[in-house]
Engineer: 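Below is a structure I'd like to ask you about.
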Amino acid sequence: MINNRGLLTGILGKKHRDPISNTSFLLRITICTFIGMYILAMLIWGGGFLNPQQFLDLFNNNAFLIVIACGLTVVMIAGGIDISGGGVTALVTMVCIVYLDDHSGSVIGSLCIALGIGITFGLVQGILISYLDIQPFIITLAGMFFAKGMITIVSAVPRTAAQEAFVTLKQFRFEIPGIGYYGKTGNFIPAKIELGVIVAIAVVLVVAVILKWTRFGRNLYAVGGNKQSALMLGINVRRTKFYSYLLAGLLSGIAGYLYLLHTGAGDAANATAAEIQAIASAIIGGTLLTGGVGSVLGTLFGVLILKTMTSIVVTSGLREPYWQSITTGLMLCFFILLQSVVLALREKGSLKLSLPEWIKFRRKKSGTDSTP
Amino acid sequence: MAKGLNKFARSQLVVPLFALFLLVVFNLIRDIEFFSISIITNNDGNTVLSGNIISIINGASELAILAIGMTLVTASSRGQDISVGAVAAIAGSIFVSVLRGNQITIPIILIAFLASCFVAVMFGVFNGTLVAAFKVQPMIATLIMLSAGRSIAYWINGGATPTVSSPLLVNIGGFIPGIPIPTPIIIMILFGVLIWLLLRFTNLGLYTQVVGINEKSARLNGINAALIKLLSFMILGVCVAISGCINVCRIGLINHETLLLDIEMDAILAVAIGGNSLGGGKFNLSGSVIGAFIIQALTVTLYAMKIPSTAVKAYKAIVIIAIVVISSPIVKEYALQLRNKLFKKPAKIMENCENNGELTI
């Protein structure tokens, strides 16, 4: 009965919930780490961290990475890996610029090209991996090589976009009302976000919905968790895997366009090591490479943690570039060990990792409670 | 004889050997002189062998050494070490910093090599502990060193790219006076023989396969699976140190950013092209070495065709995809069915018989 439960439970109006699972425990750790890290940075270094624009720049600068990491998360949940994301992103930027400038193409056309390249990569890699049973690492590695090699075949020199319609689109900013900072002359400058951020957030939401509430999304978790039993349940394992790579390819195409919108330059060095950063973000966000566990929300926070760490390292005076990668390594080490410990405990089944009773806002269920 | 041939046709070495053969034939058609070996006198006055084939084997020696270690890691831990390039940069930095602090003599080179070996093995132990004790996936465990490794090398070098020059180092990276074969090839062969002896006369090879195929049953049979995994990572550490030192001797300086760049990808490819499963278990070292030669031969061929170095990757990717598609089990099965249909009439009759049998039932 409801009156047996605590007041807060009544307010929340929720039915009885199971204790949080260990995997959502990982997600909560990630989110709490990010919030704690940012608040700490604001308290200690203040300055730039108190500026809302700097927080929004986290999104502005990394919209493409968020999108790549989302695609990678989908593939990783299904038990595969896709390291072609960075290469495809760079290829898309170059091809779109050459199309826009040399062939006087339209913005819509370039967008179609970007999506087309992404889908083509996803299609070919998906078919080879899921229907021919070739190891995903090798195929997507070859995909990355192919994309990076093609960039210089398309154009040997770095390019910058000059087409007018595209440049207007690139310079388009949303102003967020009410949030902003005071410039040196004392005038109020409203905080701005780029078009790409909205796309990236939309991608995160759409992928989250797909993973949570569609049959395809649930199939992904089943396939990644245990391929054999997924097959026994009548899930088309091959098709599910194929669609996961297709989705990842499409998202890489979108990411390429976002990168172009952000920088407006086509260069073979674009999005270097983006695949490694995407993998790191997904891992920090609680996705397991073994498959079956993960969420895009975690990945989003993974990207934010990774990038906040970088700016903290720079702000705290360790300006030498090597400190960034060393701290990234240390942070990865921490999260990997944490995951491993959580998994080991879960496998044992002896220890339930859940929040202590007093945090839970819910009185312990009494014996007389009878659920309808 | 026919039986042996049949057995060979089923072996995992067929596709890589065939690919190597195709590369050779392609090069011979393109340029009949491609594989000619000549004896010339180099700048130091040594009589040495020269030619594309020598430069292919010479250039592939670091990759082949790494591929041997990578095969063992893949077989035992069912995953790959993607930090080899970064750790090689660290090992090379240690090698150079020891050499620069002393007068370069043969014992000092040995000490420097041992020091870099020790450091690389320690990083191997770090990766191996994460994999064996904490049960982290190898690719993720080594991601840590991949992102931090080259920065650690930068830190050891103090941000510079120090050079070392000594006739002794030139001997190691190039030719020893009086011996016409490049020294890296000799080192590679010596190392290969050493590993072969190790696997031939100890149980390590067998245990590695057993752990890779089924870790649980290996443990039930009294094999310390964690130790075997750790050992394979330590052996890879030695491989990394050797190839890092060879590369430093070859170019005479340590550049933490470009030393053996992307070699981890090539090493994993060599393992896969050699017909080894990246999912662990059974392995064949000669396959991986052949894979390394294929990759290097492909690169040299593409350079010889005047393809710009940045575009080489695209062509390489196409060839690699072709090789893995041909050697994938599903395509192989399909090809076998096709062959039976085309050449073996009896098989068809058998099939008919079976169908008839089904009908009568």
Side-chain angles (χ1 to χ4, degrees), chain A residues 81 83-84 87 91 124-125 127-129 131-139 141-154 156 268 273 276-277 279-280 282-283 288-290 306 320-337 339-341 343-344 347, chain B residues 79-80 82-83 86 126 130-131 133-141 143-156 159 256 262 264-266 268-269 271-273 277-279 307-325 327-331 334:
Chain A
I81 185 129
I83 52 174
S84 67
L91 179 62
V124 173
Q125 291 179 163
I127 288 174
L128 290 178
I129 292 166
Y131 290 104
L132 292 185
D133 269 343
I134 306 175
Q135 285 122 351
F137 186 85
I138 294 299
I139 290 296
L141 177 68
M144 184 182 88
F145 277 178
F146 182 72
K148 290 206 166 162
M150 279 307 285
I151 298 168
T152 48
I153 294 176
V154 172
I276 300 298
Q277 287 177 1
I279 295 176
I283 291 166
L288 299 180
L289 195 64
T290 39
L306 207 64
E320 302 274 4
Y322 59 83
W323 282 110
Q324 293 175 17
S325 24
I326 289 179
T327 44
T328 308
L330 283 176
M331 205 166 51
L332 260 179
C333 191
F334 168 73
F335 277 97
I336 288 169
L337 286 178
Q339 276 193 2
S340 137
V341 170
L343 273 187
E347 225 158 73
Chain B
Q80 290 76 38
I82 52 174
S83 70
F126 172 76
L130 280 179
V131 172
F134 289 94
K135 308 258 183 304
V136 182
Q137 287 242 331
M139 212 183 282
I140 293 193
L143 190 64
I144 300 172
M145 285 320 300
L146 173 67
S147 57
R150 289 190 189 271
S151 302
I152 295 174
Y154 179 93
W155 176 62
I156 293 172
H256 58 95
D262 283 343
E264 53 270 4
M265 306 297 180
D266 278 349
I268 297 170
L269 276 179
V271 174
I273 291 176
S277 160
L278 291 188
I307 287 170
S309 63
T310 43
V312 160
K313 275 182 177 173
Y315 298 95
K316 221 165 151 181
I318 295 171
V319 176
I320 288 161
I321 288 183
I323 292 176
V324 289
V325 165
S327 55
S328 93
I330 291 180
V331 175
Y334 184 73

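A note on names: the letters A, B, ... follow the listed sequences, proteins ahead of strands, and every chain is numbered from 1.
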Engineer: In terms of heavy-atom pairs under 4.5 Å with chain A, which of B:Ala141, B:Ser277, B:Ala311, B:Gly159 leads?
Structural biologist: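 Heavy-atom pairs under 4.5 Å are most numerous for B:Ala311.
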
Engineer: Just give me the residue among B:Met145, B:His256, B:Met139, B:Lys316 that pairs up with chain A most often, heavy atom to heavy atom, under 4.5 Å.
Structural biologist: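 Most heavy-atom pairs within the cutoff with chain A belong to B:Met139.
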
Engineer: What distance do B:Leu278 atom CG and A:Phe137 atom CZ have between them, rounded to the nearest 0.5 Å?
Structural biologist: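 It is 8.0 Å, given to the nearest 0.5 Å.
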
Engineer: Which region of A:Leu337, side chain (C-beta onward) or backbone (N, CA, C, O), has a non-hydrogen atom less than 4.5 Å from a non-hydrogen atom of chain B, or is it both or neither?
Structural biologist: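 Looking at A:Leu337, just its side chain touches chain B.
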
Engineer: So A:Phe146 and B:Ile320, side-chain contact (heavy atoms from CB on, under 4.5 Å) or not? Walk me through it.
Structural biologist: CA-CA 10 Å; A:Phe146 182 72; B:Ile320 288 161; over 6 Å; no

Engineer: I need the residue from B:Met265, B:Arg150, B:Lys135 with the largest number of non-hydrogen atom pairs under 4.5 Å to chain A.
Structural biologist: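 Sorted descending by pairs with chain A, the first entry is B:Met265.
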
Engineer: Relative to chain B, which of A:Thr290, A:Thr328, A:Ile139 shows the most heavy atom pairs under 4.5 Å?
Structural biologist: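 Of the options given, most contacts go to A:Thr290.
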
Engineer: Atom CD1 of A:Ile336 and atom CD of B:Gln137: how far apart are they, to the nearest 0.5 Å?
Structural biologist: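 Going from CD1 on A:Ile336 over to CD on B:Gln137, the span is 10.5 Å.
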
Engineer: Let me know if B:Ile273 has heavy atoms under 4.5 Å from chain A in its side chain, its backbone, both or neither.
Structural biologist: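 Looking at B:Ile273, nothing touches chain A.
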
Engineer: Hey, could you give me the CD1/CG distance between B:Ile140 and A:Leu332, rounded to the nearest 0.5 Å?
Structural biologist: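 So the gap between those two atoms works out to 9.0 Å.
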
Engineer: Closest approach of A:Ser340 and B:Val136, non-hydrogen atoms and distance?
Structural biologist: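 Distance-wise, the nearest heavy atoms are CB-CG2, 4.0 Å.
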
Engineer: Considering all heavy atoms of both residues, which atom of A:Ser325 and which atom of B:Ser147 are nearest to each other, and what is their separation?
Structural biologist: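 It is CB-O, 2.9 Å.
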
Engineer: Check whether A:Tyr131 gets within reach of chain B through its side chain, its backbone, both or neither, counting any heavy atom under 4.5 Å.
Structural biologist: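 Backbone only.
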
Engineer: As an exercise, state the distance from CD1 of A:Ile279 to CG of B:Leu146, rounded to the nearest 0.5 Å.
Structural biologist: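 One finds 9.0 Å between CD1 of A:Ile279 and CG of B:Leu146.
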
Engineer: Start with the C-alpha distance between B:Leu143 and A:Ile283, add both sets of side-chain angles, then the distance that settles side-chain contact (heavy atoms from CB on, under 4.5 Å), and finish with yes or no.
Structural biologist: CA-CA 11 Å; B:Leu143 190 64; A:Ile283 291 166; 3.9 Å; yes

Engineer: With rounding to the nearest 0.5 angstrom, report the CG to CZ distance, B:Asp262 to A:Phe145.
Structural biologist: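 These two atoms lie 5.5 Å from each other.
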
Engineer: Count the heavy-atom pairs under 4.5 Å between each of B:Pro308, B:Ala317, B:Ala272, B:Pro329 and chain A, then report the option with the highest count.
Structural biologist: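 Most heavy-atom pairs under 4.5 Å with chain A: B:Ala317.
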
Engineer: What's the separation between atom CD1 in A:Ile153 and atom OH in B:Tyr315, rounded to the nearest 0.5 Å?
Structural biologist: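 It is 4.0 Å, given to the nearest 0.5 Å.
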
Engineer: Go through the atoms of A:Ile134 and report whether side chain, backbone, both or neither lie under 4.5 Å from a heavy atom of chain B.
Structural biologist: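 Just the side chain, heavy atoms under 4.5 Å.
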
Engineer: Using a 3.5 Å distance criterion without hydrogens, assess whether the side chain of B:Thr310 forms a donor-acceptor pair with backbone atoms of A:Thr152.
Structural biologist: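 No, because the side chain of B:Thr310 does not come within donor-acceptor range (under 3.5 Å) of the backbone of A:Thr152.
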
Engineer: Quick one: list whatever passes salt bridge (charged side-chain N to carboxylate O under 4.0 Å, His left out) with A:Lys148, sequence neighbours left out.
Structural biologist: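 Once residues adjacent in sequence are excluded, A:Lys148 has no partner under the salt bridge (charged side-chain N to carboxylate O under 4.0 Å, His left out) criterion.
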
Engineer: Sort A:Leu141 into side chain, backbone, both or neither according to what part of it lies under 4.5 angstrom from a heavy atom of chain B.
Structural biologist: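 Side chain of A:Leu141 only, per the 4.5 Å heavy-atom cut-off to chain B.
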
Engineer: Using every non-hydrogen atom in the two residues, find where B:Ile144 and A:Gly329 come nearest and quote the distance to one decimal.
Structural biologist: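 Closest pair (atom of B:Ile144, atom of A:Gly329, distance): CG2-O, 3.4 Å.
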
